[in-house]
Amino acid sequence: MRKDLVSVVRCALFAMARGLFSWVWLRKPIYIQARFSYLHMKYLFFSWLAVFVGSWVVYVEYSSYSELCRGHECKNSICDKYRKGVIDGSACRSLCEKDTLYLGKCLSAKPNNQVYSGGWGDLEGVIKCQMEEIPHYNLGAEMEHRKEASSFNKPTKGTSVEKFKEMVLSHLKTKVGEQANLPDLVSLVFSVADYNKDGLISLPEARSTWALLQLNEFLLAIVLQDREHTPRLLGFCGDLYVMEKVPYAPLYGISLPWVVELWIPAGVRRSMDQWFTPSWPRKAKISIGLLELVEDVFHGTFGSFLMCDVSADGFGYNDRHDLKVMDTRHIVPEATFQKAMRERRCDTEEDCLYGADCRTSCDLTKHQCTPEVTQPNLAKACGALKDYLLNGVPADIQEELEKQLYACIALKGSAEQMEMEHSLILNNLKSLLWKKISHTKDS
């Protein structure tokens with residue numbers, strides 16, 4: 001009886017085990033199939049997402065490029081006016097008849113300010129053209145533009161040379177103030193306008209010159225044309241003009257995709273910017289160039305100018321490691337700046353900011369911005385050079401250089417208010433750098 005009971009139990013257990021084994025065997029393909037379907041759907045989802053994101057990026061890039069890069073429209077507009085006899089200039093024939101001035105790579109950052117690298121015979125240059133409208137900076141918080149159609153209707157037909165001189169003189173007086181040596185500046189403008197050097201200013205030449213004088217960059221190119229730190233003006237046609245190309249730019253820093261930028265801490269990013277820079281003696285020479293530029297724009301022959309965006313992107317250098325200004329649109333006449341600030345209402349200090357670096361105080365009793373900048377050009381320049389110069393500095397001057405740079409950055413108020421201290425710090429910095437590199441070939 002006991003043996004029979006054991007046999008029955010064994011048979012039952014065997015049957016249960018067999019059934020369980022069969023259930024697992026049957027369930028395995030179902031599990032594998034479900035797992036495969038899940039992976040398949042996951043793969044399809046991410047593939048679709050990648051295609052969608054990629055298509056969106058391509059669309060945005062294409063739309064941005066087509067909006068920013070309209071060089072052919074600019075050229076057609078300029079050449080049409082040239083052929084009709086509305087405008088003239090030293091670059092017109094090469095651009096519109098000989099095709100020896102050509103537009104290369106698009107470098108535009110704003111649709112109405114077309115910028116291209118290009119060639120003019122054996123010369124390499126940067127070609128800049130105003131699309132449809134000439135920008136006039138009204139010193140808004142973020143470089144707002146007051147638009148005015150570039151119809152080249154000034155001066156009008158019948159205007160005498162003397163009358164045109166009066167127009168130019170009045171315009172320059174508004175831009176750079178009364179204290180400048182204006183007659184000499186007018187003579188410089190006319191020497192540029194008379195590109196064929198026949199001693200006469202034709203109406204098309206005058207119209208081109210008047211359109212260009214509305215642009216800060218063109219005005220500064222004339223004011224600083226004899227200085228080594230401003231690219232040479234090679235030619236113009238209407239409000240299109242060609243500047244000398246700066247071989248190495250920006251001053252320092254590397255360009256990374258925005259996706260990579262998101263994951264890099266600010267401190268690491270600043271260190272990376274200094275990786276690809278020249279040797280220290282060459283950096284010292286370039287830095288001296290920036291200090292000399294500060295001298296040139298501070299109480300120069302034709303008035304004072306404010307540097308309102310002193311960042312690495314705005315500067316470059318040539319093969320001899322001479323500093324060159326890349327973008328002078330943010331170097332504005334002090335007289336124009338002060339006039340605009342007097343007229344600006346404010347509630348906080350942030351309302352009295354122009355560009356990235358030109359800030360004044362807010363008089364809360366009147367709710368108006370004060371005209372004087374809180375930081376001079378030299379302090380801004382030293383702030384831009386601090387990491388650049390201290391990275392790799394020789395040990396024997398490190399302490400002194402750091403001390404002088406921080407004293408320079410601490411300068412407050414306008415340069416006019418503290419002229420002696422400003423000049424002393426500037427000369428000390430230049431002397432320290434020159435003394436260290438004067439015996440090297442880099443000097």
Side-chain angles (χ1 to χ4, degrees), residues 74-103 116 118-130 134 150-176 180-228 230-245 301-302 328:
C74 187
K75 178 181 177 181
N76 292 340
S77 174
I78 289 292
C79 290
D80 179 60
K81 291 180 175 67
Y82 166 66
R83 294 186 185 101
K84 291 178 180 177
V86 177
I87 58 175
D88 198 2
S90 54
C92 290
R93 289 191 65 194
S94 298
L95 179 71
C96 304
E97 294 178 3
K98 298 180 178 180
D99 286 328
T100 54
L101 173 59
Y102 65 89
L103 278 64
Y116 280 79
W120 192 0
D122 297 331
L123 298 173
E124 285 188 289
V126 176
I127 303 164
K128 302 188 178 185
C129 178
Q130 312 308 311
I134 297 177
S150 56
S151 54
F152 301 104
N153 56 2
K154 291 182 181 179
T156 57
K157 191 173 181 179
T159 302
S160 66
V161 173
E162 287 304 315
K163 179 62 177 176
F164 183 54
K165 276 188 178 181
E166 290 177 14
M167 287 175 60
V168 172
L169 181 65
S170 177
H171 175 73
L172 293 176
K173 188 181 295 185
T174 303
K175 294 286 282 186
V176 302
N181 190 356
L182 292 178
D184 289 345
L185 183 53
V186 172
S187 298
L188 277 177
V189 170
F190 271 64
S191 69
V192 173
D194 182 21
Y195 76 92
N196 53 13
K197 307 305 176 188
D198 61 357
L200 303 171
I201 302 293
S202 67
L203 183 60
E205 288 174 340
R207 284 172 173 161
S208 293
T209 305
W210 183 255
L212 287 168
L213 279 174
Q214 314 308 310
L215 307 173
N216 267 348
E217 186 164 29
F218 183 81
L219 176 60
L220 202 68
I222 294 176
V223 169
L224 300 178
Q225 64 178 335
D226 295 327
R227 308 298 190 191
E228 63 179 331
T230 308
R232 289 184 299 122
L233 175 66
L234 301 179
F236 64 93
C237 182
D239 56 2
L240 176 148
Y241 56 104
V242 188
M243 302 294 291
E244 175 189 16
K245 184 179 180 180
T301 308
F302 304 116
T328 57

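Both backbone and side-chain heavy atoms feed into the values below; hydrogens, waters and symmetry mates do not.
Judged purely by atom type and a 3.5 angstrom limit, Thr159 uses its side chain to pair as donor or acceptor with the backbone of Thr156. Under a 3.5 Å cut-off, the side chain of Lys197 and the backbone N or O of Ser191 do form a donor-acceptor pair. Without hydrogens or angle criteria, Ser208 side chain to Ile87 main chain gives no donor-acceptor distance under 3.5 Å.
Under the salt bridge (Lys or Arg N to Asp or Glu O under 4.0 Å) criterion, Lys84 pairs with Asp80, not counting sequence neighbours.
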Run the numbers on Leu185 and Val223 for side-chain contact (heavy atoms from CB on, under 4.5 Å), then give the verdict.
-> CA-CA 7 Å; Leu185 183 53; Val223 169; 4.0 Å; yes

Requested in this report: Apply the test disulfide bond (SG atoms under 2.5 Å apart) to residues Cys96 and Cys237: give CA-CA distance (whole Å), side-chain angles for both, the deciding distance (0.1 Å), then the verdict.
Outcome: CA-CA 10 Å; Cys96 304; Cys237 182; 5.0 Å; no

Practice problem: Please report the C-alpha distance between Thr100 and Trp120 in whole Å, then the side-chain angles of each, then the deciding distance to 0.1 Å, and finally whether the side-chain contact (heavy atoms from CB on, under 4.5 Å) criterion is met. | Solution: CA-CA 6 Å; Thr100 54; Trp120 192 0; 4.2 Å; yes

Q. Between Ile78 and Asp239, is a side-chain contact (heavy atoms from CB on, under 4.5 Å) present by the stated rule, with each step listed?
A. CA-CA 8 Å; Ile78 289 292; Asp239 56 2; 3.5 Å; yes

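Classification of Lys75 and Asp99 as a salt-bridged pair holds, one side-chain N sitting under 4.0 Å from a carboxylate O.
Classified by interplanar angle (parallel below 30°, tilted 30° to 60°, perpendicular above 60°), the ring pair Tyr241/Phe218 is perpendicular.
Heavy atoms from other residues, nucleotides or ligands lying under 6.0 Å from NZ of Lys175 number more than 12.
With contacts defined as side-chain heavy-atom distances shorter than 4.5 Å, the pair Ile222/Phe302 does not qualify.
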